[in-house]
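Count residues from 1 along the sequence. The figures here come from the full heavy-atom set of this structure, side chains too, leaving out hydrogens, waters and symmetry mates. As the structure lists them, so they are numbered: ligands from 1, and atoms in each ligand from 1. Fair warning: this is a prediction, and the values are worked out from it, not measured in the lab.
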Amino acid sequence: MKKNLINEALSLPHEKKPRHIGIIMDGNGRWAKKRGLPRLAGHKAGAENFKRIGEYLIDHNIEVSTFYAFSTENWKRPKDEVENIMSLLVDYLEEWMTMRKDKNMHFRFIGDRVAFSPRIRELMDKVEEASAHYPNVLNLALNYGSRDELCRAYELLMKEGKTSVSPEDIARHLYTADQPDVDLVIRTGGEMRLSNFLLYQSAYAEFYFTDKLWPDFSKEDIDDAILYFAHRERRFGGVIERNP
Ligand code: FPP
């Protein structure tokens, strides 16, 4: 049964699949707590799963995927937890620079980088540059918040001297400027909210919520989400004519 599901999702025609998937990776802390482990163990397992799922999205040939790793609000977490996530990030970026392989994606780091250490900013630049030739894009959202992103866009428009603004003007000043809108948002961990994630880009997105905690979210779950998307009827505000 599972195998059929995998085959069915992977073999869907490209136009039936989402071009851009956004993923809110929630539930690392609860995953660790259930096992009597510290929260850091949950984030570590979450980072491992991020690698697995990122690669699997290449098997699906998804054009763009965006993973929400650290929000503008996550700095409010206890200092040691923030430090732990930052050190996981450094490990990940350093590992990527030394172990990069054929199956990979073009990294883009979306969010305000000013808050990060010079070492992290340098690694972000290096990884973006070294991965620029891969066709599939992976946005890693770090110190990202949609409200911040929109304020930044308006400020840029004001600097351009704009006195009236179109939706396209705003879109071309977002971090995702050259990318398709989000078609599918997946959120793990049982909550049904967007948490300041890609608000503008998700205007017509479909939503897939699951109780699975992020470290447990598997390739089969991605298949399930993509199949769910493929069967949605998208109207973009219009109507679909039906036979009586
Ligand atoms: C949400 O789970 C998770 C985060 C805020 C951090 C996500 C970080 C990672 C997946 C690791 C990132 C590292 C790399 C290398 C990309 P939560 O802690 O809010 O879980 P809870 O709701 O169960 O407490």
Side-chain angles (χ1 to χ4, degrees), residues 21-58 64-101 104-113 115-117 119-128 130-131 137-146 148 175 185-198 209-219 221-222:
I21 300 183
I23 303 187
I24 303 176
M25 306 181 280
D26 196 12
N28 293 346
R30 278 164 286 163
W31 183 91
K33 193 170 176 203
K34 264 172 63 181
R35 290 163 176 75
L37 297 168
R39 290 178 64 81
L40 170 64
H43 292 314
K44 227 174 176 167
E48 285 303 318
N49 204 35
F50 157 70
K51 283 189 233 171
R52 256 190 312 271
I53 298 296
E55 287 195 4
Y56 190 53
L57 291 175
I58 303 178
V64 182
S65 45
T66 303
F67 289 78
Y68 205 9
F70 198 84
S71 75
T72 43
E73 289 72 37
N74 285 152
W75 300 104
K76 290 185 227 154
R77 293 188 175 214
K79 193 165 167 274
D80 63 333
E81 181 168 345
V82 170
E83 281 172 5
N84 284 333
I85 294 176
M86 292 303 136
S87 83
L88 277 179
L89 180 61
V90 170
D91 291 349
Y92 175 75
L93 296 173
E94 281 177 346
E95 182 192 305
W96 193 91
M97 283 306 291
T98 50
M99 312 242 308
R100 67 194 111 125
K101 39 191 168 23
N104 229 311
M105 44 253 148
H106 177 192
F107 276 85
R108 304 270 298 266
F109 298 96
I110 65 168
D112 188 356
R113 299 182 192 196
F116 294 104
S117 67
R119 176 71 186 138
I120 292 182
R121 293 210 301 267
E122 185 197 345
L123 281 165
M124 286 174 171
D125 289 343
K126 281 190 174 161
V127 170
E128 273 183 343
S131 66
V137 173
L138 189 152
N139 298 312
L140 191 55
L142 290 164
N143 194 26
Y144 174 86
S146 263
D148 257 27
Y175 293 116
V185 174
I186 297 172
R187 180 170 186 146
T188 62
E191 306 291 355
M192 295 168 92
R193 55 177 174 249
L194 266 176
S195 302
N196 206 9
F197 180 60
L198 301 176
F209 296 107
T210 168
D211 288 339
K212 283 252 179 119
L213 304 173
W214 172 248
D216 291 330
F217 188 78
S218 64
K219 294 178 182 179
D221 294 316
I222 282 285

- prompt: If you count the atoms of ligand 1 from 1 in the order shown, which ones are under 4.0 Å from a heavy atom of Phe50?
  reply: 16 (C)
For the pair [X] (side chain) and [Y] (backbone), establish whether a donor and an acceptor sit closer than 3.5 Å, ignoring hydrogens and angles.
{"X": "Thr72", "Y": "Asn143", "value": "no"}
{"X": "Asp221", "Y": "Ser218", "value": "yes"}
{"X": "Ser131", "Y": "Phe107", "value": "yes"}

- request: Please determine which of Leu138, Val127, Asn139, Val137 meets the side chain to side chain contact (heavy atoms under 4.5 Å, CB included) test together with His106.
  value: Val137
Which one of [options] has a non-hydrogen atom at the shortest distance from [atom]?
{"atom": "atom 15 (C) of ligand 1", "options": "Trp31, Tyr92, Phe67", "result": "Tyr92"}
{"atom": "atom 17 (P) of ligand 1", "options": "Asp26, Ile85, Asp91", "result": "Asp26"}
{"atom": "atom 6 (C) of ligand 1", "options": "Gly29, Ala45, Ala69", "result": "Ala69"}
{"atom": "atom 9 (C) of ligand 1", "options": "Thr188, Leu140, Asn28", "result": "Asn28"}

field: Arg77 to ligand 1, any heavy atom closer than 4.0 Å
entry: yes
- prompt: Identify the closest protein heavy atom to atom 13 (C) of ligand 1: which residue and atom is it, and at what distance?
  reply: Ala47 CB, 3.9 Å
- request: Report the nearest protein non-hydrogen atom to atom 5 (C) of ligand 1: residue, atom name, distance rounded to 0.1 Å.
  value: Asn74 OD1, 3.6 Å
- request: Would you verify whether the NZ or CZ of Arg35 falls within 45 degrees of the ring axis of Trp31 while also being under 6.0 Å from that six-membered ring's centre?
  value: yes
- prompt: Using a heavy-atom cut-off of under 4.0 Å, does the side chain or the backbone of Arg39 touch ligand 1, or both, or neither?
  reply: side chain
field: Close aromatic pair by centroid cut-off 6.0 Å: Phe116 and Trp75
entry: yes
statement: Residues at least two apart in sequence or cross-chain that pass side-chain hydrogen bond (donor to acceptor under 3.5 Å, both in side chains) with Thr188, listed by chain then number, are none
